[in-house]
Amino acid sequence: MDLLNVIKAAGIIGAGGAGFPTHAKLTSKAEYILLNGAECEPLLRVDQQLLEQFPDRIIKGLEAAGKTIEARKAVIGIKGKHKAAIAVLRQRIAALGLSGYVEIMELRDFYPAGDEQVLVHELTQRIVPEAAIPLKVGCVVINAETALNISCAMEGSPVTETYLTIAGDIPCPVTVKVPVGTAIREVIRQCGVTNIEDYAVIDGGPMMGPVMKDIDGYVTKKSKGYILLKKEHFLIRKKSVGVEQARVIGRTACEQCRMCTDLCPRYLLGHNIQPHKVMRALSYNLEDLKEQQIAQLCCECNACELFSCPANLHPKSVNILYKKKLAEKGLKYQPSQLEPVTRSAREYRLIPSKRLIAKIGLTAFDRPAPLTQIVFQPPQVRIALSQHIGAPAIAVVTVGEQVKAGQVIGKIPDGSLGAAVHSSFDGTVVEQSGNSIVIKVGSYV
Ligand code: SF4
Ligand code: SF4
């Protein structure tokens, strides 16, 4: 089997959060393969530790992906502050004889250094045009855990586990490997938090992750972490403001200072995203939706809402509101045909991670979350058929059927973009709905 089919069979998707099927991403040819090891979300500690603990596998996965797309260079982007990981990677790249192909570039410690388009610019000085993807400028970006999963697939293992950081206002933050389909509540409990009801939980990083309505969900392949904070914490209160409430507050309070625009990472790359204009349209009830198509250029990094706005307003949420309105009307932003040029002030307007962490009230919780071995043996797992971008997988097992760990339980629908789904344990299928498969663990005979 060639690598693309190996990746496809292993059900690999982008582990950085978006969940795009990796085999589809690697069908194109590009000049560079970039490894996103920036991990710019505060408190998350997955990629930086994987790079240090599994350098050979990640380097080999990256190299294999790079050769597949015929990239002439593979570049690992990792923040310069992760000195131990960088030293290990340098040593292993040389030992593997890949110094001529794989290069390490140290990233500055700002938010959002891991935004795909920001990363492309930091590593190659190229600018992805508005509403385009990195491929447009000869780059394909994969995440560190994705490269690790490629390597594991080359050794015969599909994706049945994911790495997560459990952090926040808890005594002992940790990073753990968790079987896909494990109950989130159980993961948090086994990581030492027994008073879960006292917390609100953010799914993913504190900047972009939503506050979970309840924690009765299950871990998926793209889960990256859970941030536990007291319910009255600033971040929880701010993130809990609904779009409608954000609209009402924004209408009356926006002072048009344009800080949201001036510090917007995509605006600084030269794109025409200008959230203050969208806020103005809201305030003055401007009817012409075409003018607000710039909202579609927002990557929802939340920098404007959680850092830039001095009035503590919600420009990102208002962008989302307009994105919805535009989608309803079928309106799509027409990208400028001009070559994008970074704004001259960009260098002075990058948001330092430490200042961001202080601003969102997380300094006290900005601690190590060491990779720790915890054995998760849940009584059952619920494995979602749609953990990725594209069509949901189609179940290929039925209730009562016995399955083995690593066995395919959901396949990609014919002719669709999607990802296969595998069982994370030996067991028996006890439920099969349209969107998930429940496996009773350990009952395989
Ligand atoms: S930063 Fe806040 S107050 Fe200033 S223009 Fe943007 S939304 Fe309005
Ligand atoms: S969330 Fe705000 S800062 Fe981030 S891209 Fe959108 S408008 Fe810009």
Side-chain angles (χ1 to χ4, degrees), residues 3-4 6-26 33-41 43-55 57-66 68 74 76-78 85 112-116 119 133-134 140-155 157-166 175-182 184 187 203-205 207-209 217-227 369 371 383-384 386-390 393 406 417-422 424:
L3 185 69
L4 281 182
V6 168
I7 291 170
K8 191 175 181 182
I12 300 176
I13 60 172
F20 192 81
T22 304
H23 68 273
K25 194 176 223 184
L26 298 180
I33 181 112
L34 307 178
L35 185 123
N36 191 348
E39 197 158 50
C40 62
E41 276 279 7
L43 309 194
L44 294 187
R45 309 277 187 249
V46 173
D47 295 338
Q48 52 201 258
Q49 295 191 81
L50 294 184
L51 283 160
E52 191 175 340
Q53 304 258 343
F54 306 109
R57 285 180 156 178
I58 292 176
I59 293 163
K60 285 180 188 169
L62 177 67
E63 184 209 7
T68 300
I76 297 176
I78 177 169
D115 171 72
E116 203 167 67
L119 184 91
I133 58 172
V140 166
V141 183
I142 62 170
N143 167 265
E145 192 174 345
T146 308
L148 178 63
N149 286 339
I150 291 173
S151 205
C152 292
M154 287 155 57
E155 293 163 11
S157 303
V159 184
T160 59
E161 296 170 313
T162 187
Y163 288 87
L164 301 171
T165 295
I166 310 292
T175 299
V176 285
K177 182 161 79 169
V178 180
V180 170
T182 308
I184 295 168
V187 174
D203 182 4
M207 288 301 286
M208 294 184 74
Y218 298 83
V219 169
T220 71
K221 291 184 223 179
K222 60 178 184 181
S223 301
K224 214 61 187 165
Y226 301 105
I227 308 297
L371 194 53
I383 301 175
S386 181
Q387 306 179 35
H388 50 265
I389 290 175
L417 175 70
V421 177
H422 302 74
S424 46

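Below, each value reflects all heavy atoms present in this structure, side chains not excepted, and no hydrogens, waters or symmetry copies. All values reported here derive from a predicted model rather than from experimental measurement.
- Residues T22 and N149 are not in side-chain contact: their nearest non-hydrogen atoms beyond the backbone lie 4.5 Å or more apart.
- Proximity of a side-chain donor or acceptor of T182 to a complementary backbone N or O of V219 within less than 3.5 Å is not detected.
- The salt bridge (Lys or Arg N to Asp or Glu O under 4.0 Å) test applied to K60 returns no partner, not counting sequence neighbours.
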TODO: I would like to know whether V187 and I166 meet side chain to side chain contact (heavy atoms under 4.5 Å, CB included); could you show each step before the answer?
DONE: CA-CA 9 Å; V187 174; I166 310 292; 4.0 Å; yes

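- To the nearest 0.5 Å, the span separating CD1 on I76 from CD1 on I33 amounts to 11.0 Å.
- With hydrogens and angles ignored, the 3.5 Å screen pairs a side-chain donor or acceptor of T146 with a backbone N or O of A15.
- Although no hydrogens or angles enter the test, the distance criterion places a donor-acceptor pair under 3.5 Å between the side chain of S223 and the main chain of T220.
- Annotation for A153 and I12: closest pair CB-CD1, 3.8 Å, computed over non-hydrogen atoms.
- Within the 3.5 Å criterion, the main-chain N or O of V46 finds a donor-acceptor partner in the side chain of E39.
- Side-chain contact between L148 and I58: present, with at least one pair of heavy atoms (C-beta onward) separated by less than 4.5 Å.
- L44 contributes atom CG, which lies 16.0 Å from atom OH of Y163 (distance to the nearest 0.5 angstrom).
- Taking CG from L26 and CD1 from I142, the interatomic distance works out to 6.5 Å, rounded to the nearest 0.5 Å.
- Applying the salt bridge (charged side-chain N to carboxylate O under 4.0 Å, His left out) definition to pairs two or more places apart or across chains, those involving residues 145-154 are E145-K224.
- For the pairing with L35, the side-chain contact (heavy atoms from CB on, under 4.5 Å) check across L119, V141, L51, I78 returns one residue only, L51.
- Side-chain contact between L417 and I389 is present, with at least one heavy-atom pair separated by less than 4.5 Å.
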TODO: Please lay out, stage by stage, how D47 and N36 fare under the test side chain to side chain contact (heavy atoms under 4.5 Å, CB included).
DONE: CA-CA 9 Å; D47 295 338; N36 191 348; over 6 Å; no

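- With a 6.0 Å radius and a threshold of 12 heavy atoms from other residues, nucleotides or ligands, K25 has its NZ atom above the threshold.
- Side-chain contact between S424 and E161: absent, with no pair of heavy atoms (C-beta onward) separated by less than 4.5 Å.
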Open item on the list: What verdict does the side chain to side chain contact (heavy atoms under 4.5 Å, CB included) test give for M154 and L3, after you've listed the backbone C-alpha separation in whole Å, the side-chain angles of each residue and the deciding distance to 0.1 Å?
Closed with: CA-CA 8 Å; M154 287 155 57; L3 185 69; 3.6 Å; yes

- [ ] I would like to know whether F20 and I13 meet side chain to side chain contact (heavy atoms under 4.5 Å, CB included); could you show each step before the answer?
- [x] CA-CA 5 Å; F20 192 81; I13 60 172; over 6 Å; no

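- If you take CG on L34 and CG on N143, they are separated by 12.5 Å, rounding to the nearest 0.5 Å.
- When every heavy atom of A420 is checked against every heavy atom of K8, the shortest pair comes out as CB-O, 4.1 Å.
- In this structure, CG in L371 is found 5.0 Å from CD in Q49, a value given to the nearest 0.5 Å.
- In this structure, E41 contributes its side chain and G204 its backbone to no donor-acceptor pair below 3.5 Å.
- Scanning both residues, G11 and A419, for their nearest heavy atoms gives O-CB, 4.5 Å.
- What you find for I150 and G61 is that their closest heavy atoms are CG2-O, 3.9 Å.
- Closest approach of R57 to C152, counting heavy atoms only: NH1-SG, 4.1 Å.
- When all heavy atoms of A369 and R45 are compared, the closest pair comes out as CB-CG, 3.7 Å.
- Distance check: K222 NZ to Q387 CD gives 8.5 Å after rounding to the nearest 0.5 Å.
- Every salt bridge (Lys or Arg N to Asp or Glu O under 4.0 Å) that D115 has, sequence neighbours left out, goes to R266.
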